[in-house]
Amino acid sequence: MFHKLFKFLSKFFLFCLLTLTTQIGGIIYLIIQLIIKNDTQKYLFKKVVLFIMIYSFATFLLIPYLAPMFGREKIQDTTQIQAHSFLTKLFNRNYVNPKLHITLKEIANSLKSYNPEIKLVYLDANFPFIDGFPLAPHLSHKDGKKIDVSFVYQDKNQIVTNQKLSNSGYGVFEQPLDQKYNQSLICKEKGYWQYNFTRYFTFGKINKHLFFSEKATKKLLLAIINQKQVHKIFIEPHLKNRLHLQSSKIRFHGCQAVRHDDHIHFQIN
Ligand SMILES: [Zn+2]
């Protein structure tokens with residue numbers, strides 16, 4: 001009895017985990033449970049192999065063609081636009097609506113005219129299907145209109161690079177220059193414990209020799225601001241001040257979100 005319950009709960013947990021991280025993984029997992037019965041020889045091995053085959057086929061060949069029927073497009077990686085992590089693509093977290101797709105290309109072009117070496121590097125966008133289905137843990141990324149992009153960094157000789165500071169692209173914060181200012185403490189005191197939470201999701205810090213590039217990140221932010229369709233941008237207020245940005249599109253996201261001095265979030269109408 002206990003054994004059966006444990007088995008059911010672990011299957012349920014796996015289904016939820018796959019659905020939350022990849023949207024389609026949970027359903028594929030269920031289909032495989034139906035196809036391969038547990039009394040077949042080497043059933044576990046067969047299940048894993050079949051899962052990898054169907055999942056890869058769906059992710060790379062099928063969904064890019066299906067998503068447009070649901071109003072989403074896979075972000076096309078070009079010489080100017082790229083995902084920071086392959087996992088973003090493997091987990092189907094690289095879908096946007098057609099309007100945001102055009103906006104991304106415009107931003108990348110404008111970066112190129114400033115410095116052809118700088119690419120628009122994106123992090124989590126949206127899943128391919130269903131408005132209202134959030135891309136965990138970003139609850140607002142649920143309609144194809146939102147995306148996170150990386151800051152730009154440079155080395156000690158001020159040469160800009162497309163490399164970032166963590167494997168996930170999140171969690172390495174650009175601390176306020178003014179130490180008196182401490183948004184995360186303010187939020188923590190208000191009871192919002194999750195504000196700093198992304199620091200546990202770096203999946204490894206990398207490129208420790210790099211620094212935040214004020215100049216290039218400002219150019220990137222201006223390119224985003226200048227897009228008519230973009231109506232909201234989230235970065236920490238201390239960065240807005242430091243980069244001397246005036247736009248009313250840049251808002252403080254509030255303590256209920258996570259801190260935004262490790263990446264830029266923006267959204268279109
Ligand atoms: Zn976001």
Side-chain angles (χ1 to χ4, degrees), residues 20-23 71-75 81-85 87-97 99-104 106-108 111 119-152 164-174 183-184 187 192 194-203 212 217 220-225 227 229-240 243 245 247-269:
L20 285 175
T21 50
T22 70
Q23 192 175 44
R72 306 270 169 97
E73 291 176 358
K74 180 175 152 182
I75 300 172
I81 302 179
Q82 72 176 32
H84 171 58
S85 163
L87 292 184
T88 307
K89 299 191 261 189
L90 182 65
F91 289 1
N92 300 298
R93 300 167 82 90
N94 55 336
Y95 285 80
V96 289
N97 74 9
K99 212 163 122 186
L100 180 52
H101 204 183
I102 294 170
T103 309
L104 290 174
E106 301 273 341
I107 294 167
L111 268 183
K119 294 180 182 184
L120 177 62
V121 177
Y122 64 89
L123 307 169
D124 278 339
N126 307 261
F127 282 134
F129 306 120
I130 313 173
D131 275 355
F133 192 110
L135 179 119
H138 320 267
L139 297 183
S140 75
H141 291 220
K142 60 181 178 189
D143 51 13
K145 298 176 182 174
K146 281 112 184 170
I147 190 163
D148 293 341
V149 298
S150 279
F151 294 155
V152 185
K164 308 301 171 192
L165 303 190
S166 77
N167 282 318
S168 70
Y170 293 96
V172 181
F173 308 118
E174 186 54 33
Q183 185 65 51
S184 65
C187 288
Y192 293 99
Q194 89 300 337
Y195 200 68
N196 270 331
F197 202 57
T198 38
R199 73 169 182 268
Y200 301 113
F201 290 91
T202 60
F203 301 136
F212 179 67
T217 304
L220 167 60
L221 276 157
L222 287 172
I224 298 171
I225 290 166
Q227 297 300 312
Q229 315 80 299
V230 171
H231 79 120
K232 238 187 236 174
I233 303 164
F234 292 151
I235 53 168
E236 288 293 316
H238 72 86
L239 284 178
K240 184 181 178 186
L243 300 179
L245 290 162
S247 171
S248 61
K249 291 182 179 181
I250 301 181
R251 315 263 180 89
F252 176 54
H253 35 75
C255 284
Q256 76 287 347
V258 292
R259 62 192 281 185
H260 279 69
D261 47 12
D262 57 341
H263 73 280
I264 301 163
H265 164 105
F266 72 90
Q267 54 197 74
I268 58 165
N269 282 321

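Start at 1 and go down the list; that is how both ligands and their atoms are numbered.
When the Zn ion (ligand 1) is compared with the N/O/S atoms of His265, atom ND1 turns out nearest. Closest N/O/S atom of His141 to the Zn ion (ligand 1): NE2.
The aromatic ring centres of His265 and His253 sit 6.0 Å or more apart.
Under the 4.5 Å side-chain criterion, counting only non-hydrogen atoms from C-beta, Val152 is not in contact with Val121.
One finds no salt bridge joining Arg259 and Asp262 here, because no Lys/Arg side-chain nitrogen approaches an Asp/Glu carboxylate oxygen to under 4.0 Å.
Ring geometry, Phe212 versus Phe151: the interplanar angle exceeds 60°, so the pair is classed perpendicular (tilted spans 30 to 60°).
Taking backbone and side chain together, His263 holds no N, O or S atom under 2.8 Å from the Zn ion (ligand 1). Between the Zn ion (ligand 1) and Asp148 there is an N/O/S contact shorter than 2.8 Å.
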